2 protein chains.
Amino acid sequence: MVKMVDVARLANVSTATVSRVLRNPESVKEHTRLKVLNSIEELNYQPNVLARHFRRNKTNTILVIVPNIANTIFSQIVRGIEATASEKNFRVLLGNTNRDVEKEYDFLNLLHQRQVDGLILLSGKIDHDILSELKDKYPLVLASEYVDDVEIATVCIDNIKSSFEATEHLIKQGHKRIGHISGPMNSLLSFDRLSGYNQALKEYHIDESKDLIREGDFSYETGYQQMCELLILPEPPTAVFAANDEMAMGAINASKKKGLSVPKDLAVVGFDNIRFSSIFDPGVTTIAQPAVEMGNIAMELLLQKLDDPDFENKRITLKSELIIRESCGSNIVETSQ
Amino acid sequence: MVKMVDVARLANVSTATVSRVLRNPESVKEHTRLKVLNSIEELNYQPNVLARHFRRNKTNTILVIVPNIANTIFSQIVRGIEATASEKNFRVLLGNTNRDVEKEYDFLNLLHQRQVDGLILLSGKIDHDILSELKDKYPLVLASEYVDDVEIATVCIDNIKSSFEATEHLIKQGHKRIGHISGPMNSLLSFDRLSGYNQALKEYHIDESKDLIREGDFSYETGYQQMCELLILPEPPTAVFAANDEMAMGAINASKKKGLSVPKDLAVVGFDNIRFSSIFDPGVTTIAQPAVEMGNIAMELLLQKLDDPDFENKRITLKSELIIRESCGSNIVETSQ
DNA sequence: ATGAAAGCGCTAACAA
DNA sequence: TTGTTAGCGCTTTCAT
């Protein structure tokens, strides 16, 4: 293995100069620099990255903690993170937790051990106190998820507003009994989506009914189950807003199973705009989160924190968009592919 | 930062002994070991992993090169890899290439730079010669994909046999004009799935027709397009076997768009059994790849290569399974959720 | 603008 | 069984 001292010897300079050429080229006289670069080329020298990490106490690697990489909304965000990271010569370490908090804590060791330089969190299960301690000790960014009482760099959408729009859209179709299948209530995000729904009902003077609100956990299965529950109510809803697309699909399939037709008998709106929402039949009307862009920006925020730990912990709110497809009954145009 | 020498001092031993307690506990007398462990606890000592990596020239990190993490079949395999890796105290670095060969080569630098100890490849675009060189220099495992003329540790299914079964199933439904939408022909896997299809036709004395075979690229969009082409043939197929589920869904949606009913007018079978195949309407009959298990085993194979570079480069073939749903017309039972 | 040299914290060969 | 010690290859401070 050819090392720095070999290059130095060939170029007739010290290792310090070689190091400078690599890390601070402008601090070396052009003539010397060229000599060194030639030697590097001639010897086909590759710096030992591990030695560098050790010496600098940095790894150019970041950790992404994700609840479930097999969920397309997360994998899209990760794709965005990955793209920006690799542009900036950073590596992405993947921490898949399967929604297991213990595993989240395990992965945090990578930070303590300095195996990664920073962290992007796509799940909000970690205790607030710990989160607050983390963000003071390490560069940390939240994406898609967020918390309210701790000031952390965050990129997200306005979940209240988007959910308001989704619900409003159903109201404008003439629906008065609108159900909501929420996400798990331990997440602020689920809470906000519920709030948007509630606010829309209030704004349009529609009576709320606790019966029409059901808690799911963002999985297809709970969407299916909770829809079944809604359908056996004495007065079942004529429309449902689900807190994500998977649950919306569960709700649609449950209705179909009971012989109902969507959107004729039941209008459905989802959230996220995952790939399959447009492939599904009927196409799922939904709120599009700009997932890949979210990943890009999360990584950019993290790079800034990496560069300057005192960088402002701002929250960036991206635009979401209501995508109207067939499941809500307001679209008579056929699905395009 | 408390370091090893602090622990050594407190425990009244040398750093070598502390190191031994950490890496070879059985080589230290119990009494000493306890003393050291106590000191570690008391000082809350955390070994500096970067120093260790540097010193040992190992990182306990492996790289997974994946064509597209947003594709559920790959994210499931990655989940399997991740699970086994973290059990064995290994980290998984994610290399998403977006099917860009250049990016694959970029990621290989991580190996050369010793930033990762080994590699799992989920895509087979890399040049055979380079692959052959790689597998001699580094621990390397192929999962799902495979190549024929280079001997590399591989975990996969029997794609020919599975495709034979899928096609045979359609034949047994009475179909005589069966189309195939293949994967890209630069991959052996696509080629094998086509072979299985051809073999089934031959076995059942059904004339092959070049018109009925269309090349896609595993995307929903190409499935849709190629199905449109098949439908404008003078004598269109009554059944189609698509080389993956996404293309099968594209084919189904294309048929629906043309006013055909699936499975009544067209029977469809896919491949992979991604999550949405069971959620889709009609449920997609498909070949199930044991994706998570594939990931588990790939990681186990890699761990063995890591442990012993001369470990046999065996190919492990996992069982696949025909999952019958509605899209092929042989199942009158309703979809369960 | 460049060089000399002191480590970063750990591991492992060797000695005792 | 334990200790001594020489690095691993790079970066960076200080001196020139």
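All of these numbers come straight from a predicted model, not from anything done at the bench. Protein chains get the first letters and strands the later ones, always in sequence-line order, with residue 1 at the start of each.
Residue B/Ser19 places at least one side-chain N or O closer than 4.0 Å to OP1 or OP2 of C/dT11. For D/dG9, neither phosphate oxygen OP1 nor OP2 lies less than 4.0 angstrom from any side-chain nitrogen or oxygen of A/Tyr45. Distances shorter than 4.0 Å separate none of the side-chain N or O atoms of B/Arg52 from OP1 or OP2 on C/dG9. In this structure, B/Ser27 does not reach the D/dT1 phosphate: none of its side-chain N or O atoms is under 4.0 Å from OP1 or OP2.
Here the nucleotide nearest the side chain of A/Arg55, chosen from D/dT2, D/dT12, C/dC10, is D/dT12. The side chain of A/Thr32 lies closest to C/dA1, out of C/dA1, C/dT11, D/dT11. Of the candidates D/dT1, C/dG9, C/dG3, the closest approach to any side-chain atom of B/Lys29 belongs to D/dT1.
Rounded to whole Å, atom C1' of C/dA12 lies 14 Å from atom CG of B/Asn57. Rounded to a whole Å, the CG atom of A/Leu50 is 14 Å from the P atom of C/dT11. The CD atom of A/Glu26 sits 13 Å away from the P atom of C/dT2 (whole-angstrom rounding). In this structure, A/Gln46 atom CD and D/dC10 atom P are separated by 11 Å, rounded to whole Å. Atoms CZ (A/Arg56) and P (D/dT13) sit 11 Å apart, rounded to a whole Å. One can place CZ of A/Arg23 at 6 Å from P of D/dT12, the figure rounded to the nearest angstrom. Rounding to whole angstrom units, NE2 of residue B/His31 and C1' of D/dT2 are separated by 13 Å. In this structure, CG of A/Asn24 is placed 14 Å from C1' of D/dC10, rounded to the nearest angstrom.
A residue-by-residue look at A/Arg33 and A/Thr15 shows that A/Arg33 has its nearest nucleotide of DNA chain C further toward the 5' end. The 5' end of DNA chain D is approached more closely, in terms of each residue's nearest nucleotide, by B/Ser14 than by the other of B/Ser14 and B/Ala51.
Residues B/Ala153 and B/Leu301 share a closest heavy-atom pair of CB-CD1, 4.4 Å. The shortest non-hydrogen separation linking A/Arg20 to A/Ser27 is CD-OG, 3.8 Å.
When the shell of 6.0 Å around CD of A/Glu26 is examined, it contains more than 12 heavy atoms from other residues, nucleotides or ligands.
Using a 4.0 Å cut-off between charged side-chain N and carboxylate O, B/Lys305 and B/Glu312 make no salt bridge.
With hydrogens and angles ignored, the 3.5 Å screen pairs a side-chain donor or acceptor of A/Arg33 with a backbone N or O of A/Val28.
The residue B/Val28 sits close only to the backbone: its heavy atoms come under 4.0 Å of sugar-phosphate atoms, none of a base. Looking at heavy-atom distances under 4.0 Å, B/Asp6 makes no contact with the nucleic acid at all.
Atom-to-atom distance recorded for B/Phe74:CZ and B/Asn96:CG is 10.0 Å, nearest 0.5 angstrom. Distance check, rounded to the nearest 0.5 Å: CG of B/Asn48 to CZ of A/Phe54 gives 6.0 Å. Here the straight-line distance linking atom CD1 of B/Ile274 with atom CG of B/Asn71 works out to 6.5 Å at 0.5 Å rounding. A distance of 10.0 Å separates CE in A/Met1 from OH in A/Tyr45, rounded to the nearest 0.5 Å.
Note on the helix from C/dA1-D/dT16 to C/dA16-D/dT1: angle between the axes of the first and last five pairs equals 30°, rounded to 10 degrees.
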Enumerate the protein-to-nucleotides 13-16 of chain C contacts in which both atoms are nitrogen or oxygen and the separation is below 3.5 Å.
none

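Take A/Thr61 and apply the side chain to side chain contact (heavy atoms under 4.5 Å, CB included) test, not counting sequence neighbours, and it matches A/Thr59, A/Arg91, A/Leu93, A/Val116, B/Leu93.
Here A/Phe54 does not lie in a stacked arrangement on the base of D/dC8, lacking the combination of planes under 30° and ring centres under 5.5 Å apart.
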